[in-house]
Each structure stands twice: as structure tokens, then as C-alpha cells.
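In what follows, a single structure is set out as C-alpha cells and then discussed.
Values below: all heavy atoms of this structure, side chains included; hydrogens, waters and symmetry mates excluded. Within every chain, numbering begins at 1; the chains are lettered A, B, ... in the order of the sequence lines, protein sequences first and strands thereafter.
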Number of protein chains: 2
Amino acid sequence: MNPENITETIKVACSSCNLRELCMPVGFNPEDMQKLDDVVATRRRIKQGDSLFSYGDSFTSLFAIRTGFFKTCVSSADGREQVTGFQMAGEIMGLDGIVSDYHSCDAIALEDAEVCVMPFANVEELSREFPQLQRHVHKIMSREIVRENGVMMLLGNMRAEERLAAFLLNLVQRLHARGFSQSELTLRMSREEIGSYLGMKLETVSRAFSKFSDEGIIEVKQRYVRIIEPDALKKIFNPQTYS
Amino acid sequence: MNPENITETIKVACSSCNLRELCMPVGFNPEDMQKLDDVVATRRRIKQGDSLFSYGDSFTSLFAIRTGFFKTCVSSADGREQVTGFQMAGEIMGLDGIVSDYHSCDAIALEDAEVCVMPFANVEELSREFPQLQRHVHKIMSREIVRENGVMMLLGNMRAEERLAAFLLNLVQRLHARGFSQSELTLRMSREEIGSYLGMKLETVSRAFSKFSDEGIIEVKQRYVRIIEPDALKKIFNPQTYS
DNA sequence: CGCTAGGTTGACTTTAATCAAAAAACGTGG
DNA sequence: CCACGTTTTTTGATTAAAGTCAACCTAGCG
């Protein structure tokens with residue numbers, strides 16, 4: 001681990017966090033909320049390019065993103081890398097580590113980030129006390145399973161342009177849920193990382209961007225993207241519904 | 001639901017089930033084991049070709065396979081189907097339904113099957129009482145996430161023959177863990193279903209089988225497969241480690 | 001101001017998809 | 001048990017999509 005990743009011992013209160021509705025269950029009464037704060041032990045800052053955890057690290061905690069943007073990726077023995085997801089504020093990382101007590105992927109910050117460290121023992125203990133939290137944890141894991149099912153559909157059945165359209169729509173939708181624009185975004189990842197996630201080469205990603213741009217569907221300038229015709233993107237992603 | 005799928009009200013005891021080590025936590029004392037039996041409400045038989053649950057069905061229960069073989073698959077709006085997994089005895093299905101209370105995929109029996117129906121409310125209630133069961137449920141979900149990460153690597157980074165080699169090795173390994181042969185297996189799914197899972201067309205699957213057969217790595221006769229050179233398969237799947 | 005990493009574009013190659021036909025296996029009913 | 005139609009699988013020929021290789025451009029940074 002990078003020595004600059006100092007684990008702060010400052011206590012953070014979920015009860016006063018504006019991301020609570022994204023990473024914590026809602027509808028708790030004030031006194032229970034107090035106890036729920038115990039699930040988060042510390043915060044931790046991660047610099048751009050540094051890893052939050054790596055393949056083989058022992059698993060102790062889940063991480064909720066407060067600020068910043070991450071990628072998770074797995075590597076094959078011969079060095080091929082597959083990005084398995086991009087995570088933003090309010091999303092939970094580290095679920096991969098539960099099954100074997102070791103992490104099976106790397107989580108790398110794509111910009112300076114801060115995460116809430118939630119020791120999994122705390123999560124489990126409080127889950128037994130609060131059915132609402134228990135249900136929430138189950139939903140988070142189930143959501144990840146369903147998300148990955150969608151990625152399998154993308155990788156197994158879609159062509160390059162459909163994948164990129166789906167990717168952009170998904171990103172902008174998640175950003176919009178966090179109060180950002182519905183039509184503009186700044187990509188935090190390179191063409192190569194997008195390509196890895198979508199199962200295509202960086203040149204193919206670039207060509208698809210250019211094609212969309214030529215067709216007036218989006219405006220692209222490096223990592224800035226503006227979606228001009230969201231319906232056209234949706235049609236590319238899902239031809240049948242929009243034909 | 002098919003009316004022939006009669007839900008039996010016969011009580012099944014996990015404590016006496018020979019699949020217990022596959023789908024239930026180990027190390028319980030006899031009196032707790034008794035309570036653990038309560039997690040399974042009923043058994044249900046599913047005929048080959050029938051679905052255990054379908055996209056849109058409301059989620060109430062997880063299912064543990066006692067006998068038989070399933071595929072799970074998702075469909076896009078324009079009718080493209082992606083097989084997201086193949087499940088065999090001792091494996092758990094239905095986790096996709098937790099997040100939204102509705103199933104987001106179909107589970108279809110590829111041979112006559114019998115499953116244990118575990119109402120999720122029971123699972124959650126007993127999980128709060130038994131940390132060991134709680135941990136077990138978390139591990140099952142985490143394992144599914146990690147498995148899907150591996151499939152993403154397969155679909156995103158591997159070529160057709162690598163995918164098929166990985167698929168065969170995975171299948172035979174799981175069968176072997178259940179007491180079957182390390183080298184022989186009978187496929188329960190068609191070439192088309194294998195292709196859907198691996199993101200390739202049925203013709204490509206067939207050609208890859210033929211190629212392995214020509215090279216003397218496997219013997220194929222329709223759905224019967226014998227692995228003659230497991231190391232050659234492993235080398236195809238993972239060139240670096242074996243070069 | 002030049003260096004470097006990331007991004008774009010073009011020419012060509014490779015891989016797998018598509019289209020098509022035939023063979024093999026399977027199920028059903030006579 | 002056999003003949004029939006159906007489904008599944010195999011194989012070949014051709015096409016389409018994306019990968020590879022290479023050159024060049026652009027932006028950001030020391």
C-alpha cells in the first residue's frame with residue numbers, strides 16, 4: 001500500500017452524510033441512526049492512480065465512496081486486464097473479498113478520492129441487529145450481480161457502437177442521479193479503460209466516439225462529452241424499442 | 001407458471017441432505033442444525049424446459065438445486081438472449097431478485113430438476129440469529145460476483161478457443177467436486193446455449209470443439225466430452241502460465 | 001518550448017459471424 | 001421397430017466487424 005494513503009481516525013457520521021440515501025438504508029429513527037454510524041470506522045484518502053485494495057490483499061472492510069471515481073479490474077495470469085466496473089460517489093466496493101477473505105480484484109482511484117471504511121465485521125454485527133441494514137446489504141450485493149448480468153449481455157451480444165452507447169447512457173444516468181447534468185459529462189477514464197470495460201480496443205472506442213460525433217449524436221472533445229441526441233443513443237443501444 | 005410444477009409441501013431436512021456442505025454452512029451443532037432446517041420450506045420439481053422463475057416474477061425465495069441442471073439468462077428488449085450461467089446441484093439461484101423484489105432473469109431447467117425453496121424472509125431471519133448462516137449467505141453472493149468478474153474477463157479479453165477451454169475446465173471441475181469424473185462429462189446444454197454464455201455463435205462453438213478434437217485434446221461425440229489432455233486445455237485457456 | 005501520454009485516423013489483417021447445405025441424432029406415431 | 005419430420009450439429013464458403021500496426025495530432029506538463 002502507498003504510504004501516502006494515510007488512514008484517518010476521524011469519525012464520520014453517516015447520519016449527517018449527504019450521500020446517505022445512496023449507500024445507507026433510509027427510514028431510521030434518530031437513536032438507531034446513531035448506532036448505524038458505528039458501521040463506519042474511518043475515512044481514507046486515495047490519490048489518483050493509487051489503489052484502494054489489490055488482488056490478494058486480505059479482506060476486512062467494505063468501502064463507500066464519498067468523493068472521487070474508481071475502476072475495478074481483474075487480471076489474467078498472462079497480464080491481460082479486464083476493467084469490471086467504474087464506481088462513483090455513494091457506491092460500495094470490496095464485495096469481491098467476502099467469499100475468500102481475499103480481494104480478487106484491484107480498485108484504483110481515477111481521481112483523488114475519499115472513502116468510508118466499513119469493517120465488514122461491523123457491517124455483519126449491525127446487520128443482525130437491524131433488519132433494515134441487513135436487507136440493504138443484501139440489496140447492494142444483488143444489485144451488483146444484476147449489473148454484471150447486464151455487462152455480460154453487453155459483452156456477449158452487442159456490437160461496439162451499442163456497447164459505447166449503453167456505457168454513455170449508464171454513466172450519465174448515474175451522474176444525473178447525483179445532481180450532475182443529464183447531457184454533459186467529463187470522462188474520468190481513458191479510451192483504453194473504456195475499451196477494457198467494454199471488451200474492445202482503444203482504437204475502436206475512439207472510432208465509435210468519432211462516428212457518434214460525425215452523426216451529431218454527441219459532441220466529444222477529449223474527455224468532455226455532451227449528449228446532443230439522447231434518443232439516438234438509446235436507439236443505438238436498443239434498436240427494437242425505438243425502431 | 002406451468003401447472004405441472006407442483007409445489008410439494010413435504011418438509012426436507014437440510015441436516016440429512018448430502019448436498020449440505022455445498023449449499024449450507026458447516027460446523028453446526030445438532031440442535032442448531034434442527035433450526036436451520038426451517039430455512040427450507042418446500043421442495044419443487046421442475047421439468048426439463050420449464051422455468052423455475054422468469055423475468056418479472058416477484059421475488060420471494062432463493063432456490064438450492066437438489067438435482068438437475070439449470071441455465072439462467074437475460075434478454076434484451078429486441079429479443080437477444082444472453083445465458084448468464086449454468087447451475088448444478090448444491091448451487092443457489094434467485095439472488096438477482098433481492099435488489100428489486102422482482103426477478104431480472106429467467107431460470108430454465110435443462111433437465112428434470114428438484115430444488116429446495118428457501119423463502120428469503122426465513123433466510124434473513126435465521127441469518128440474524130446465526131452469524132454462521134449470515135456469513136454463508138454473504139459468501140454465496142460474493143462468490144457469484146467474483147464468478148461474473150471471471151466471465152467478464154472471458155468475454156472481454158479471450159478468443160473463442162480460450163473461452164471454450166475455460167468453460168470445459170470449469171464445468172468438469174465443478175462436476176468433479178460433486179463426485180463425477182475428472183475427465184468425462186455429458187453436456188446438458190446445446191451448442192447454441194454454450195455460445196450464448198461464451199459470447200460466440202453456435203457454429204464457432206462447434207468449430208472449436210472440432211479443432212480440439214482434431215488436435216487430440218478432447219474426444220467429442222455430440223454432448224459427450226472426454227478430456228484427453230487437460231494440460232493442453234489449461235494451456236489454451238491460460239497461455240502464459242503453461243508456456 | 002519540447003517531451004510525453006493520450007487520442008485520432010488510415011491501411012491492412014485477423015477473427016468470428018453469416019449464409020448455406022448436409023449429416024447426425026432424436027422423438028413420435030404408426 | 002421403423003419411417004418420418006424435427007432439431008441439433010457439423011462443415012464449407014464468404015462477408016463483416018473489430019483488431020493490429022503505424023503515423024500523426026493534441027493537450028498537458030515540467
Side-chain angles (χ1 to χ4, degrees), chain A residues 47-49 69 71 78 80-83 108 110-112 154-168 185-215 218-226 236 239, chain B residues 47-49 71 78 80-83 108 110-112 154-168 185-215 218-225 236 239:
Chain A
K47 284 211 152 73
Q48 180 170 21
F69 199 95
K71 68 170 177 180
D78 58 328
R80 283 178 281 189
E81 183 176 292
Q82 174 71 35
V83 172
I108 292 160
L110 296 181
E111 59 183 9
D112 290 357
L154 220 62
L155 293 174
N157 267 303
M158 310 268 206
R159 337 145 92 314
E161 285 167 29
E162 295 177 298
R163 295 180 203 185
L164 187 65
F167 170 75
L168 288 174
L185 68 156
T186 302
L187 301 170
R188 250 73 238 210
M189 70 295 281
S190 68
R191 300 289 188 263
E192 187 165 21
E193 287 162 334
I194 295 171
S196 174
Y197 182 58
L198 297 178
M200 52 210 250
K201 296 294 160 186
L202 67 95
E203 294 95 329
T204 308
V205 175
S206 181
R207 279 183 236 273
F209 269 122
S210 299
K211 178 132 184 284
F212 291 169
S213 181
D214 290 348
E215 293 170 344
I218 63 173
E219 182 192 334
V220 195
K221 195 163 195 180
Q222 300 286 121
R223 297 197 177 182
Y224 166 83
V225 177
R226 184 166 66 90
I236 289 165
Chain B
K47 284 212 151 75
Q48 180 171 22
K71 68 171 177 181
D78 57 327
R80 282 178 282 189
E81 183 175 294
Q82 174 70 36
V83 172
I108 292 159
L110 296 180
E111 58 182 10
D112 290 357
L154 218 63
L155 293 174
N157 268 301
M158 310 269 206
R159 336 150 123 290
E161 285 167 28
E162 295 176 297
R163 296 181 202 184
L164 187 65
F167 170 75
L168 288 173
L185 67 156
T186 301
L187 301 170
R188 249 75 239 210
M189 71 295 282
S190 68
R191 300 290 187 263
E192 186 165 22
E193 286 162 333
I194 296 171
S196 173
Y197 183 58
L198 298 178
M200 50 210 251
K201 296 293 161 187
L202 67 96
E203 295 95 328
T204 309
V205 176
S206 181
R207 279 183 236 275
F209 269 122
S210 298
K211 178 132 184 287
F212 291 169
S213 180
D214 290 348
E215 293 168 345
I218 62 174
E219 181 193 335
V220 195
K221 194 162 196 180
Q222 297 287 120
R223 298 197 174 181
Y224 165 84
V225 177
I236 290 166

- Item | Nearest-0.5 Å distance, CG of residue A:L198 to CD of residue A:E193 |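 The CG atom of A:L198 sits 12.0 Å away from the CD atom of A:E193.
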
- Message: If I take atom CG from residue A:L155 and atom CE from residue A:M200, how far apart are they, to the nearest 0.5 angstrom?
- Response: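 Result: 10.5 Å between the selected atoms.
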
Going by side chain to side chain donor-acceptor pair (under 3.5 Å), name the residues that satisfy it together with [X], two or more places apart in sequence or in a different chain.
X: A:R188; value: A:E111
X: B:Q48; value: none
X: A:R226; value: A:E219
X: A:Q222; value: none

- If we only count heavy atoms from C-beta on, is the A:F167 to A:L154 side-chain gap below 4.5 Å?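 No, too far: nothing below the 4.5 Å cut-off.
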
- Message: A side-chain contact here means heavy atoms from C-beta on lying under 4.5 Å apart; do B:V205 and B:Y197 qualify?
- Response: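 The answer is no; the side chains never approach within 4.5 Å.
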
- Query: Pairs in or reaching into residues 194-208 of chain B: which pass salt bridge (charged side-chain N to carboxylate O under 4.0 Å, His left out), with residues at least two apart or in two chains?
  - Reply: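 Checked against salt bridge (charged side-chain N to carboxylate O under 4.0 Å, His left out) - neighbours excluded - no pair reaches residues 194-208 of chain B.
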
If I take atom [atom1] in residue [X] and atom [atom2] in nucleotide [N], what distance separates them, rounded to the nearest angstrom?
X: B:Y224; N: C:dA25; atom1: OH; atom2: C1'; answer: 18 Å
X: B:M189; N: D:dT9; atom1: CE; atom2: P; answer: 11 Å
X: A:F209; N: C:dG6; atom1: CZ; atom2: C1'; answer: 13 Å
X: B:R191; N: C:dC26; atom1: CZ; atom2: P; answer: 12 Å
X: A:I218; N: C:dG7; atom1: CD1; atom2: P; answer: 14 Å
X: A:E192; N: C:dG7; atom1: CD; atom2: P; answer: 9 Å
X: B:R163; N: C:dA17; atom1: CZ; atom2: C1'; answer: 12 Å
X: A:L198; N: D:dA18; atom1: CG; atom2: C1'; answer: 14 Å

- Item | Results of side-chain contact (heavy atoms from CB on, under 4.5 Å) for A:A208 - residues two or more places apart only |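 Scan of A:A208 (side-chain contact (heavy atoms from CB on, under 4.5 Å), adjacent residues dropped) gives A:E161, A:L164.
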
- Query: Donor-acceptor pair, A:R191 side chain versus A:L202 backbone, under 3.5 Å?
  - Reply: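 Looks like no, no N/O pair under 3.5 Å.
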
- Query: Hey, is the main chain of B:G195 close enough, under 3.5 Å, to the side chain of B:T204 for a donor-acceptor pair?
  - Reply: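 No, B:T204 side chain to B:G195 backbone: no donor-acceptor pair under 3.5 Å.
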
So which protein nitrogen or oxygen atoms get under 3.5 Å of nucleotides 11-15 of chain C's nitrogens or oxygens?
from   : atom 1 : to     : atom 2 : distance (Å)
C:dA11 : N6     : A:R207 : NH2    : 3.4
C:dT15 : OP1    : B:R159 : NH2    : 3.4

- Message: So, OP1 or OP2 of C:dG6: does either fall under 4.0 Å of a side-chain N or O from A:R223?
- Response: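 It does not, given that no N or O in the side chain of A:R223 lies less than 4.0 Å from OP1 or OP2 of C:dG6.
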
- Message: Under 4.0 Å from OP1 or OP2 of C:dT9: is there any side-chain N or O of A:S210 that close?
- Response: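 It does, given that an N or O in the side chain of A:S210 lies less than 4.0 Å from OP1 or OP2 of C:dT9.
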
- Does A:E192 have any salt bridge (charged side-chain N to carboxylate O under 4.0 Å, His left out) partners at least two apart in sequence or in another chain, and if so, which?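 Once residues adjacent in sequence are excluded, A:E192 has no partner under the salt bridge (charged side-chain N to carboxylate O under 4.0 Å, His left out) criterion.
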
- Note on the structure: Once base and sugar-phosphate atoms are separated, protein heavy atoms under 4.0 Å mark nucleotides 23-30 of chain D, 5' to 3', with B, S and - as --------

- Item | Rounded to 10 degrees, the angle between the two terminal axes of the helix from C:dC1-D:dG30 to C:dG30-D:dC1, each from five pairs |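 Between the first-five-pair axis and the last-five-pair axis there is 40°.
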
- Checking side-chain contact (heavy atoms from CB on, under 4.5 Å) for the pair B:L187/B:I194: CA distance, chi angles, key distance, verdict? CA-CA 9 Å; B:L187 301 170; B:I194 296 171; 4.0 Å; yes

- Message: With the threshold set at under 4.0 Å for non-hydrogen atoms, list the residues of residues 199-206 of chain B touching DNA chain D in residue-number order.
- Response: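 Under 4.0 Å from DNA chain D: B:L202, B:E203, B:S206.
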
